[in-house]
Amino acid sequence: MSPDPSPLTIQIGARFRAIRHATGLSQDKYAKHLGVHFSLIGHIERGTRNLTLQTIERLAERMGVTTDDLLCGHWEDESPRRPKV
């Protein structure tokens with residue numbers, strides 16, 4: 001049995017989900033856009049995947065946001081900025 005998600009992974013997952021929702025894409029289409037398996041999107045959004053810093057950096061770049069956006073939530077504070085798709 002895997003341990004409960006940490007508060008940080010849950011926060012990152014929520015930010016990731018908010019950014020994906022802003023694009024209007026489903027998890028499957030967003031996964032294709034990012035070049036990852038669709039199941040990874042669900043794990044990230046639920047906070048059940050512990051991402052490395054390199055993965056966070058790579059995903060942020062592909063999402064058109066900064067690592068600060070994912071780690072600190074700056075993306076949410078700077079509306080109407082939108083991620084690129």
Side-chain angles (χ1 to χ4, degrees):
M1 182 173 200
S2 61
D4 289 335
S6 75
L8 180 59
T9 59
I10 291 171
Q11 289 172 352
I12 291 171
R15 291 179 191 120
F16 190 95
R17 182 182 303 109
I19 293 167
R20 178 179 62 80
H21 281 177
T23 69
L25 296 177
S26 67
Q27 287 183 347
D28 185 52
K29 288 183 181 179
Y30 206 52
K32 288 176 183 168
H33 169 71
L34 297 178
V36 300
H37 194 270
F38 73 91
S39 66
L40 178 62
I41 304 299
H43 283 290
I44 292 170
E45 291 185 359
R46 288 188 305 276
T48 58
R49 186 63 168 268
N50 193 9
L51 302 173
T52 66
L53 291 174
Q54 289 135 336
T55 300
I56 291 170
E57 183 178 41
R58 187 177 75 245
L59 287 174
E61 182 179 317
R62 290 180 185 175
M63 294 166 73
V65 298
T66 67
T67 53
D68 284 351
D69 295 331
L70 287 174
L71 295 173
C72 303
H74 294 158
W75 179 82
E76 298 162 334
D77 301 332
E78 297 180 13
S79 186
R81 197 170 118 206
R82 300 196 42 103
K84 66 180 179 181
V85 176

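Bear in mind that the values here come from a model prediction, so they are computed numbers and not experimental data.
- Scored by the side chain to side chain contact (heavy atoms under 4.5 Å, CB included) test, Glu57 finds Thr67 as partners (sequence neighbours excluded).
- A pairwise comparison of heavy atoms in Leu34 and Arg62 identifies O-NH1, 2.5 Å as the closest pair.
- At least one donor-acceptor pair closer than 3.5 Å links the side chain of Arg15 to the backbone N or O of Leu70.
- Residues meeting the side chain to side chain contact (heavy atoms under 4.5 Å, CB included) test with Lys29, sequence neighbours left out: Leu25, Ser26.
- Going from atom CD1 of Ile19 over to atom CG of Asp69 covers 5.5 Å, rounded to the nearest 0.5 Å.
- Here the OH-CD1 distance, from Tyr30 to Ile44, works out to 10.0 Å after rounding to the nearest 0.5 Å.
- Separating the CE atom in Met63 from the CZ atom in Arg58 is a distance of 12.5 Å, to the nearest 0.5 Å.
- Two residues are said to be in side-chain contact when any heavy atoms from C-beta on lie closer than 4.5 Å; Ile12 and Leu71 meet this criterion.
- Residue Leu40 is grouped with residue Leu8 when hydrophobic side chains (ILVMFWY) are merged at heavy-atom distances under 4.5 angstrom, including chains of intermediate members.
- Under a hydrophobic clustering in which Ile, Leu, Val, Met, Phe, Trp and Tyr are joined whenever their side-chain heavy atoms come within less than 4.5 Å, directly or via other members, Val65 and Val36 fall into the same cluster.
- Counting only heavy atoms from C-beta outward, the side chains of Phe16 and Glu45 approach each other to under 4.5 Å.
- Taking every heavy atom of both residues into account, Gly47 and Pro5 meet most closely at O-CB, 3.0 Å.
- Atom CG of Asp28 and atom NE2 of His33 lie 13.5 Å apart (nearest 0.5 Å).
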